[in-house]
Amino acid sequence: MEYNYREIEKKWQNAWKDSGIYRVENNSDKPKYYVLDMFPYPSGAGLHVGHPLGYIASDIFARYKRLKGFNVLHPMGFDSFGLPAEQYAIETGQHPATTTEKNIDTFKSQLDKIGFSYDWSREIRTSDASYYRWTQWIFLQLFKSWYNHQTDKAEPLSTLIEEFKNNGSSNVKDIDSHFSAEEWNQFDNKQQQDILMQFRLAFSSYGEVNWCEALGTVLANDEVINGVSERGGHPVEKKKMRQWYLRITEYADRLLSGLDTVNFSEAIKEMQRNWIGKSEGAEMQFEVAGDEQEASSVSTEKIKVYTTRPDTIFGVDFLVLAPEHELVKTITTKDQQASINEYLTYVKSRSDRERQSEVKQITGCFTGAYALNPFDGRKIPIWIAEYVLIGYGTGAIMAVPCGDQRDFLFAKHFNIPITNIIGSHYNGEEANPTKDAILENSGFLNGILMKDAIGLALDKIVEKGIGRRKVNYRMRDAGFSRQRYWGEPFPIIWSDGIALPLDADELPLELPHVEKYGPGKEGEGPLSNLKEWVITPNGMRETSTMPGYAGSSWYFLRYMDPQNTETFADRKATDYWNQVDVYIGGTEHAVGHLLYSRLWTKVLFDLGYIGFEEPFKKLVNQGMIQGSSRFVYRVKDTNKLVSYGLKSDYDVTELHVDVNMVDGIELNIAEFKTWRNSEYADAEFILENGKYICGVETEKMSKSKFNTVNPDILVDKYGADTFRMYEMFLGPIEQSKPWDTKGIEGVHRFLKKLWRLFYDDVKGAIWTDEKATPAELKVLHKTIKKIEDDTERFSFNTSVSGFMVAVNELSDLKCHKREVLEALLILLTPYAPHISEELYHALGNKDSIISASFPKLESKYLIEAEKEYPISINGKMRTTITISLDATQDEIENIVLSHETIQKWVEGKTPKKIIYVKGKMVNVVV
RNA sequence: GCGCAUGUGGUGAAAUUGGUAGACACGUCAGACUUAGGAUCUGAUGCCGCAAGGUGUGGGGGUUCGAGUCCCUCCAUGCGCACCA
């Protein structure tokens, strides 16, 4: 009987579907375990071999945990709102809902073929009204909440209003203008609402946004890369628009400290820390000196700077303001006015893109004004320059050229004298940002190590009342609206400039149907063109929609209770399932999705809707599977193609060819000739050794590079079990690697070999009920230990090797004993569910192997009674000796020292020590 | 520039706490059975060498009886951030 994987896999996939065996209940005596994949965006291209890598890993782990006696939640769904579907709609006129639906069907059928154990009854789609109803609802909670710094958590706005009524704004910091309780009570509704808007966690404000003309939309900061859009690489410029934001900056500290409580890779944590960009330092004031020539302009202006290095205060040789700084107007002297105007014009003409890409260029302009060093009264010039950013810190810096390279280059470029406060640490050639120098020329800080001086200087600044300790973050509030159609509509109505939330029972606010997907006149979203929808008795509807990350920021909660119509998820369900135990996905979401999900979870926690504040306990990032592209070389202006090894003799252009037409590196010429409507049917080939050899390069997997490999083809050719195991066998899950189909045969061979332990081609079934021998049990228990250890630490590639070793050894032992084989099948289930189910039933079991339990390890079979140990003298291997395993250290020493060879080597000297190393080796040190 | 990660055969890679480096698989070579095989099985396979032997985990240095593993330093590759004061 042959291993007919096609039949077997189809049979069991249907059986599992019919019996609903993967359904998970929310109550169980078993401990819970939550294994989650990052749900996909259902793109039109379907799956390629890179997608399932993480899904296979999570499926293995989910199945493994199930065998281990856990109640496992392992759901799947679709992040189905987003830009590509809308772009496609604009191009083809098809409604995004239609194409999205179609794409999801393709994805699901592809996923089903691989044999995943998802509980499809919990499937969610972010574009379903029954789902985004709750996205809108959570948005309203954000809208109706503020961050109370006294209690250090989000609270309903009512507590803030209460505070204003009783005490005005005196206890509340970070507010534009202060007011008393009486004033608050006298404000009209609009004034009150405008103030409250400054506190809402989801708020609307006019702001500069990343406007992309080509996409007709506003992009989030992390969607803009080097001044161009992540998708499409279109230029991005600043534009003022009314936008929605999430006040994520309020959570900066907790998002940072929360990282210490989760098990993410150091790389991801670093990326998030970097994104949050916390720095501690001082904000301090410099007085602007009165100008002696113009006695009338004696200034009382003060310039606030932010610095992390207050210890360098005596090395300040000039101040620099951002060109957009508001004091530029007031402090510029008459003499410099013309130059300053010229410089400002220049800065305005530069796009963000230029400013970012031409970083090295040094530009700036002197204002004519001077500031006074608050410690020694030294007069220092005030400049403006584009290297100082208005958006960070105070938009002004104190420049210390001997310690900061940018300040140094600036000083050199404009011939500003440099004060050296770090002695020999500064060489005059470049700045030295050290903290290990002893300070010189530094007044009261002279002779003090810079590291220690930071604190002293801070204290002094506070004491003199010229500044304060200040923490700064690089992170900005997150833009939360798009001038787009295919997203969640905001449950907001504008009335006289006031944002009115819909009531919870008015949700969902469904996305209305539109005919055209073009933007409104002023760049608003397509919804603005639907007059009858926009105009309501209470006011005008908000016409922008929520961004892609809205729905994905909380979907892991919805899986816990997906059909609930009363709430986003019942508290009992979220308490039971709690945090996601393992979350598997790519690094591309390191700062975007992961940060927003953490934010939403923290807000829902603060407001008391859920009982945990970090969504993901452990994060595993699967590496990207890159494409391995193949090239042919066309001789310029001819229809001749030259083989790789001979291409240097010709002037050639490189062309991608479909990897599926190439066997290794040899082109299948016959197939190539029929490719793309026989475009190359008449091509001539210049061969080497009778073959056409292709060039090879590793690139991102993409259709346009013809290097995608469709999993369907591999599943069809080798079966899902082979495919699953091969993807795992490829290498460590977290490592990126190019796809290479070559080795798949080896894994397929392994499964056939396993099959032959059960069935003989001639004799048929050959398993027996005989008792297993110790040697056979040893193989089994060694494998149990290996699979358990490797699976627990996500080392799936070595697990697969472990199975191969086991099957090789059992074949050598001619072991066909049920006792051993049945246990082996259970171990194998997570990796190759179909074949193990088939053989498990063949052995006579009635129940599905999925509900079996993981074989118990009996460690006595792991240990041999005696073992041959290598013995080394002074680290050099000399001989071996057989020692019983329960021998004590003393006994071992006696046996070793009485050994003939050892005695000869030691030659009567007394050994200094005998090291008995972890049951592996004996070393004698003479 | 800063941060993080990774460097092991022809290839993908093992080696969990420092203990016989290269498990397992691909590829290659040889052989068996076959009319045939892109089926199956057996054996060999880090490198140099006929061999004995030598050598070997990116380079250099160090700790240790013993280093792929720990420390220092340099180099290379990948990813992330990038005028953040």
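In what follows, every heavy atom counts, from backbone to side chain, and hydrogens, waters and symmetry copies are set aside. All values derive from a computational prediction rather than experimental measurement.
Tested against A/Ile625, the residues A/Leu730, A/Val709, A/Asp740 include a single side-chain contact (heavy atoms from CB on, under 4.5 Å) partner, A/Leu730.
The backbone N or O of A/Thr419 lies less than 3.5 Å from a partner atom in the side chain of A/Asp317, making a donor-acceptor pair.
A/Ser795 comes within contact range of no nucleotide atom at all, as no heavy-atom separation falls under 4.0 Å. Heavy atoms of A/Asn797 sit under 4.0 angstrom from primed sugar atoms or phosphate atoms, though from no base atom. Residue A/Asp404 is classed as having no contact, given no heavy-atom separation below 4.0 Å to the nucleic acid.
Nucleotide B/G19 is matched to B/C65 when pairs are restricted to Watson-Crick or G-U wobble geometry with both distances under 3.5 angstrom. Pairing of B/A52, defined by two Watson-Crick or G-U wobble distances under 3.5 Å, is not identified with any nucleotide. B/U42: Watson-Crick or G-U partner is B/A30, with both key distances under 3.5 Å. The partner of B/A25 is B/U11, by the rule that a Watson-Crick or G-U pair needs both atom distances under 3.5 Å. Pairing for B/C81 goes to B/G1, judged as Watson-Crick or G-U wobble with the two contacts each under 3.5 Å.
The nearest whole Å value for the distance from the CG atom in A/Leu730 to the C1' atom in B/A14 is 15 Å. Distance, A/Met271 CE to B/C79 P: 11 Å, rounded to whole Å. Rounding to whole angstrom units, CG of residue A/Asn621 and C1' of B/C4 are separated by 13 Å. If you take CZ of A/Arg474 and C1' of B/G3, they are 10 Å apart, rounded to a whole angstrom. In this structure, A/Ile625 atom CD1 and B/C79 atom P are separated by 16 Å, rounded to whole Å. Distance A/Glu745 CD to B/U40 C1': 13 Å, rounded to the nearest Å. As a whole-Å value, the separation of A/Phe729 CZ from B/A23 P is 12 Å. What separates CD1 of A/Ile276 from P of B/G3 is a distance of 19 Å, to the nearest Å.
When the shell of 6.0 Å around NZ of A/Lys785 is examined, it contains 12 or fewer heavy atoms from other residues, nucleotides or ligands. By the neighbour-count criterion of 12 heavy atoms within 6.0 Å, atom CD of A/Glu2 is sparsely surrounded, having that number or fewer from other residues, nucleotides or ligands. Under a cut-off of 6.0 angstrom, the local environment of NZ in A/Lys304 is sparse, with at most 12 non-hydrogen atoms contributed by other residues, nucleotides or ligands.
Set against B/U42, B/C83, B/C4, the side chain of A/Glu266 has B/C4 as its closest nucleotide. The side chain of A/Arg749 sits closest to B/U40 out of B/U40, B/C24, B/A15. Taking the side chain of A/Lys737 as heavy atoms from C-beta on, and the options B/A39, B/A85, B/A13, the nearest nucleotide is B/A13. The side chain of A/Lys753 sits closest to B/C41 out of B/A85, B/C41, B/A23. Relative to the side chain of A/Ala267, the nucleotides B/A39, B/C4, B/A25 differ in distance, and B/C4 lies closest. The side chain of A/Asn274 has B/G80 as its nearest neighbour among B/C26, B/G80, B/U16. Of the candidate nucleotides B/C4, B/A85, B/G80, B/A85 has the atom lying nearest to any side-chain atom of A/Thr307. Side-chain proximity of A/Arg756 to the nucleotides B/C41, B/A85, B/C81 is greatest for B/C41. Side-chain proximity of A/Thr798 to the nucleotides B/C81, B/U16, B/A14 is greatest for B/A14. Listed nucleotides B/C4, B/C83, B/A13 differ in distance to A/Glu270; the shortest reach to its side chain belongs to B/C4.
Rounded to a whole angstrom, the distance from the P atom of B/G22 to that of B/U57 is 14 Å. Rounded to a whole angstrom, the distance from the P atom of B/C26 to that of B/G60 is 34 Å. Comparing B/A14 with B/G9, their P atoms sit 13 Å apart, to the nearest whole Å. Distance noted for atom C1' between B/G66 and B/C79: 36 Å (whole Å). Separating the C1' atom of B/U69 from that of B/G58 is a span of 16 Å, rounded to the nearest Å. Here the separation of B/G46 from B/U11, taken at their P atoms, is 14 Å to the nearest Å. For the P atoms, the distance from B/A15 to B/G31 is 36 Å, rounded to whole Å. Look at the C1' atom in both B/G18 and B/C70: the space between them is 8 Å, to the nearest Å.
A salt bridge links A/Arg273 to A/Glu270: at least one charged side-chain nitrogen sits closer than 4.0 Å to a carboxylate oxygen.
Position along RNA chain B of the nearest nucleotide to A/Thr394 versus A/Lys785 favours A/Lys785 as the more 5'-ward residue. Nearest-nucleotide assignment on RNA chain B puts the 5′-proximal partner with A/Gly731, out of A/Gly743 and A/Gly731.
Note: A/Phe410 and A/Phe408 fail the aromatic proximity criterion, with ring centroids not under 6.0 Å apart.
Listed pair A/Thr587 / B/C79 fails the phosphate criterion, with no side-chain N or O lying under 4.0 Å from OP1 or OP2. A close approach under 4.0 Å does occur between a side-chain nitrogen or oxygen of A/Tyr392 and OP1 or OP2 of B/A85. Between B/G12 and A/Gln735, no contact under 4.0 Å exists linking OP1 or OP2 to a side-chain N or O. Taking 4.0 angstrom as the limit, A/Lys752 places a side-chain polar atom (N or O) nearer than this to OP1 or OP2 of B/U40.
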Discussion item. Evaluate A/Ser629 against A/Asn707 for side chain to side chain donor-acceptor pair (under 3.5 Å), listing each step before the verdict.
Written reply: CA-CA 5 Å; A/Ser629 306; A/Asn707 60 5; 3.0 Å; yes

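Within residues 802-811 of chain A, the residues approaching RNA chain B are A/Met804, A/Val805, A/Asn808, by heavy-atom distance under 4.0 Å.
For residues 723-732 of chain A, the pairs satisfying side-chain hydrogen bond (donor to acceptor under 3.5 Å, both in side chains) are A/Asp59-A/Arg724, with sequence neighbours left out.
Under the 90° criterion around 0 for the glycosidic angle, B/G9 counts as syn.
Using cut-offs of 30° and 60° for the angle between ring planes, the A/Phe794 and A/Phe796 rings count as perpendicular.
Under 3.5 Å, the side chains of A/Tyr392 and A/Ser279 contain a donor-acceptor pair of N or O atoms.
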